[in-house]
Amino acid sequence: MRSETRDIIAAIEKSITLVAQRMDRETASYRLEEFNARVEDPTLWDNPEAAQKLMRDRQVLLDKISNVDALERDLRDNIELIEMGEAEGDEDVVAEAEAALRALRDVAGKKEIEALLDGEADGNDTFLEINSGAGGTESCDWASILARMYVRWAEKKGYTVEMQSESPGEEAGIKSVAYKISGHNAYGWLKSESGVHRLVRISPYDSAARRHTSFSSVWVYPVVDDNIEIEVQDKDIRIDTYRSSGAGGQHVNTTDSAVRITHLPTGIVVTSSQKSQHQNRDIAMKALKSRLYQIELDRRNAAINEAHESKGSAGWGNQIRSYVLQPYQMVKDLRTSHETSDTQGVLDGDLDGFMAATLAMDVSGKSRAEANAED
């Protein structure tokens, strides 16, 4: 067997080991038996919400078990094919099995990253907020480009995207926008995107075609589900209503339905501008609870807490990622050093590589490049 093939096998085995460890494989079968016993309980659906959560948790565990089993089976089968092909001198069989192993290495690597999404709220839906920063119209346009990028990323994942509120820029783009993104591990994937994003490009708004630098901030908060209790007292909030433009453009379908909730102890402000004022109150309150829950998560995690305390304003010195379109093409994450020259692919939603690098760093305390250098 060629040394390159042995290296590929070793990489697959390493990924399988990590996935098995993260799912606690030794106890997985017992946990599945417990789930199956509870599913057979005739009173299960007396509480539909609890039943649905149980079914989701059971399916997640089933998927994890089947993923590990499939990886091990495919690895074993292709190793046997290579050994058989080498014994019989059949180079076609060997080449086909080696190609299958290379593809399996990629699949195993993706499963390894997904296995890192096991934080307390990683499986939850998420709120995503984008705010323009230093740079005026340029930054408002940059904020709208970021919004499009994340919407495209979410759609590629099969997630549902709901706009919660939007404030348009005075000349172009948006001052701010908030989305709710729903799907398994939505928060786990997107949590690494919190921070300031910097764009360098030739400005389409500059008649002299000069290069401009723009900043926008992205902040991500998990949607709090019914199993997480967050108490918000009436005396701690102020609720304001204001006029909001509906679908159809500026000054069209203007109503007083938009809702702004201010949490007085923390200064957190959340808004929602859908058609129904009652719906807006509910959406804004959920967003507030999610923000408060994020603060609690930050307290438990010193690294995340430090990042949030030092986030500062959306401007120089606070960025986590740079998107350079001129004079060269490069997107680089300043935390992990992960980079790519495929700037258009990134702006079209190809973000998994950046998210995966940050997830790996959060677990190991090292960037992926540092970890690989030690192997």
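Remember, it's a predicted structure, so these values are computed and weren't measured experimentally.
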Kindly say whether [Y] contributes a backbone atom to a donor-acceptor pair with the side chain of [X] at under 3.5 angstrom?
{"X": "Arg335", "Y": "Ser192", "answer": "yes"}
{"X": "Asn185", "Y": "Gly188", "answer": "no"}
{"X": "Ser290", "Y": "Pro222", "answer": "yes"}
{"X": "Arg238", "Y": "Leu264", "answer": "no"}
{"X": "Thr17", "Y": "Glu13", "answer": "yes"}
{"X": "Gln329", "Y": "Leu325", "answer": "yes"}
{"X": "Ser176", "Y": "Asn131", "answer": "no"}
{"X": "Arg148", "Y": "Leu347", "answer": "yes"}
{"X": "Asp333", "Y": "Arg321", "answer": "no"}

Requested in this report: Go through the steps to decide whether Lys175 and Glu170 satisfy the test salt bridge (Lys or Arg N to Asp or Glu O under 4.0 Å), and finish with yes or no.
Outcome: CA-CA 8 Å; Lys175 291 181 180 178; Glu170 294 180 2; 3.7 Å; yes
Requested in this report: Carefully, step by step, assess Glu138 and Arg201 under the rule side-chain contact (heavy atoms from CB on, under 4.5 Å).
Outcome: CA-CA 10 Å; Glu138 291 287 337; Arg201 65 171 177 174; 3.3 Å; yes
Report summary line: Quick note, side chain to side chain donor-acceptor pair (under 3.5 Å) partners involving residues 154-166, not counting sequence neighbours, are Lys157-Asp352, Ser165-Thr271
To the nearest 0.5 Å, tell me how far [X] [atom1] sits from [Y] [atom2].
{"X": "Trp45", "Y": "Gln52", "atom1": "CH2", "atom2": "CD", "value": "5.5 Å"}
{"X": "His197", "Y": "Ser139", "atom1": "NE2", "atom2": "OG", "value": "13.0 Å"}
{"X": "Asp106", "Y": "Leu101", "atom1": "CG", "atom2": "CG", "value": "11.5 Å"}
{"X": "Glu33", "Y": "Asn36", "atom1": "CD", "atom2": "CG", "value": "8.0 Å"}
{"X": "Arg210", "Y": "Ser203", "atom1": "CZ", "atom2": "OG", "value": "8.5 Å"}
{"X": "Ile320", "Y": "Lys332", "atom1": "CD1", "atom2": "NZ", "value": "14.5 Å"}

Within the 4.5 Å heavy-atom criterion, are [X] and [Y] side-chain neighbours or not?
{"X": "Ile130", "Y": "Ser217", "result": "no"}
{"X": "Glu83", "Y": "Ile79", "result": "yes"}
{"X": "Leu75", "Y": "Glu72", "result": "no"}
{"X": "Trp189", "Y": "His184", "result": "no"}
{"X": "Arg38", "Y": "Leu44", "result": "no"}
{"X": "Arg22", "Y": "Leu116", "result": "yes"}
{"X": "Ile239", "Y": "Arg260", "result": "no"}
{"X": "Leu359", "Y": "Leu117", "result": "yes"}

Query raised in the report: So Ile174 and Ser132, side-chain contact (heavy atoms from CB on, under 4.5 Å) or not? Walk me through it.
Result: CA-CA 7 Å; Ile174 54 176; Ser132 62; over 6 Å; no
Requested in this report: List the steps, then state whether side-chain hydrogen bond (donor to acceptor under 3.5 Å, both in side chains) holds for Asp24 with Thr27.
Outcome: CA-CA 6 Å; Asp24 192 6; Thr27 66; 2.9 Å; yes
**Report entry** Partner of Arg152 under side chain to side chain contact (heavy atoms under 4.5 Å, CB included), chosen from Leu351, Asp348, Asp350
**Finding:** Asp348
Does the side chain of [X] come under 3.5 Å of the side chain of [Y] through a donor N or O and an acceptor N or O?
{"X": "Glu98", "Y": "Thr5", "answer": "yes"}
{"X": "Asp63", "Y": "Gln59", "answer": "yes"}
{"X": "Asp342", "Y": "Thr340", "answer": "no"}
{"X": "Tyr150", "Y": "Glu193", "answer": "yes"}

Which heavy atom of [X] sits nearest to which heavy atom of [Y], and what is that distance?
{"X": "Ser182", "Y": "Asp125", "answer": "CA-OD1, 3.3 Å"}
{"X": "Arg25", "Y": "Asp69", "answer": "NH2-OD1, 3.1 Å"}
{"X": "Ala108", "Y": "Ser15", "answer": "O-CB, 3.6 Å"}
{"X": "Thr137", "Y": "Ala172", "answer": "CG2-CB, 4.1 Å"}
{"X": "Val220", "Y": "Thr126", "answer": "CG1-OG1, 3.1 Å"}
{"X": "Val177", "Y": "Ala147", "answer": "CG1-CB, 4.1 Å"}

Report task. Please indicate whether Glu86 has more than 12 foreign heavy atoms, meaning atoms of other residues, nucleotides or ligands, lying under 6.0 Å from its CD. Result -> yes
Requested in this report: Determine, for Phe127 and Arg291, whether the Lys NZ or Arg CZ falls below 6.0 Å from the six-membered ring centre while staying within 45 degrees of the axis.
Outcome: no
Are [X] and [Y] grouped together when hydrophobic residues (ILVMFWY) are joined by side-chain heavy atoms under 4.5 angstrom apart?
{"X": "Val94", "Y": "Met84", "answer": "no"}
{"X": "Leu334", "Y": "Met330", "answer": "no"}
{"X": "Leu104", "Y": "Leu81", "answer": "no"}
{"X": "Ile16", "Y": "Leu18", "answer": "no"}
{"X": "Val68", "Y": "Ile65", "answer": "yes"}

Report task. Quickly, which of Phe354, Trp142, Tyr328, Phe215 forms a ring-ring contact (aromatic ring centres under 6.0 Å, His included) with Tyr323? Name it, please. Result -> Trp142
Query - Evaluation steps, side-chain contact (heavy atoms from CB on, under 4.5 Å), between Thr262 and Ile268 - result: CA-CA 6 Å; Thr262 303; Ile268 292 173; over 6 Å; no
Report task. Go through the steps for Asp240 and Val259 under the test side-chain contact (heavy atoms from CB on, under 4.5 Å), then give the verdict. Result -> CA-CA 6 Å; Asp240 301 307; Val259 171; over 6 Å; no
